[in-house]
Amino acid sequence: MNGRRSLIALFAIGVLLFQACANLQGKDPLQVTVAGIEPLQGEGMELRLMVKLRVQNPNEAAIDYDGIGLQMDVQGKAFASGVSDASGSIPRFGESVVEVPVTISAFRMARQALGMATGNSNGKLTYEMKGKLGGSILGTTRFTTKGEFDVPTGIDGPSTTQ
């Protein structure tokens, strides 16, 4: 009986190792963009938003997830973060919209506003969004997207015209 249990345990370990090797194969990165933002009820000195992310999967296999984590940085500083226990699947060569509630503290908002008011933005606002779609222990899929956009005139201080 012990020999049979050992054989079953070895088989299970072999299957797990095979799955780990399959997950280590090169995957193209997910393309993630913000599809929408809606206000949520906050508590005290915080702003809560529902961030809708469009996740595109350019890979040959669907990505199943069970849980989402998201962090948003603005001008290189932490701005918002959130988690969700949502689960679903991003189809192979397909896309889905996933929702993550995020929280922004009043102190982080004030720090960003002060940075823009003092002209530290150079007319550009840079952002980075990092997150993960949770799966099995070996199947977590991470994503990162970053970019910048022009700060509208009048927000970063007086403009000069000649």
Would you mind writing out the side-chain donor-acceptor pairs for residues 91-101 within the sub-3.5 Å range, not counting sequence neighbours?
from  : atom 1 : to    : atom 2 : distance (Å)
Arg92 : NE     : Glu60 : O      : 3.2
Glu95 : OE1    : Gln56 : NE2    : 2.9
Glu95 : OE2    : Arg54 : NH1    : 3.0
Ser96 : OG     : Ser89 : O      : 3.4

Any donor-acceptor pair under 3.5 Å from Asn59 side chain to Asp28 backbone: yes

Hphob cluster co-occupancy, Tyr127 + Val51, side-chain heavy atoms under 4.5 angstrom: yes

Within one Ile-Leu-Val-Met-Phe-Trp-Tyr cluster: Val74 and Met109, side-chain cutoff 4.5 Å: yes

Shortest non-hydrogen contact from Ser87 toward Asp66: CB-OD1, 3.5 Å

Closest heavy-atom pair and its distance - Ile68, Ala86: CD1-CB, 4.3 Å

Below 4.5 Å, heavy atoms only, C-beta onward: do [X] and [Y] meet side chain to side chain?
{"X": "Ile90", "Y": "Tyr65", "answer": "yes"}
{"X": "Thr145", "Y": "Thr33", "answer": "no"}
{"X": "Phe143", "Y": "Leu53", "answer": "yes"}
{"X": "Val55", "Y": "Ile63", "answer": "no"}

Using residues 36-50 as the side-chain source, report each donor-acceptor pair under 3.5 Å to any protein atom, sequence neighbours left out, with the distance given to one decimal.
from  : atom 1 : to     : atom 2 : distance (Å)
Glu38 : OE2    : Lys52  : NZ     : 2.8
Glu46 : OE2    : Glu43  : N      : 3.1
Arg48 : NH1    : Thr103 : OG1    : 2.6

Residues in side chain to side chain donor-acceptor pair (under 3.5 Å) contact with Thr126, at least two apart in sequence or another chain: Gln75

Ion pair check, Asp73 and Lys146, cut-off under 4.0 Å: no

Rounded distance (nearest 0.5 Å) linking atom OG1 of Thr141 with atom CG of Asn57: 8.5 Å

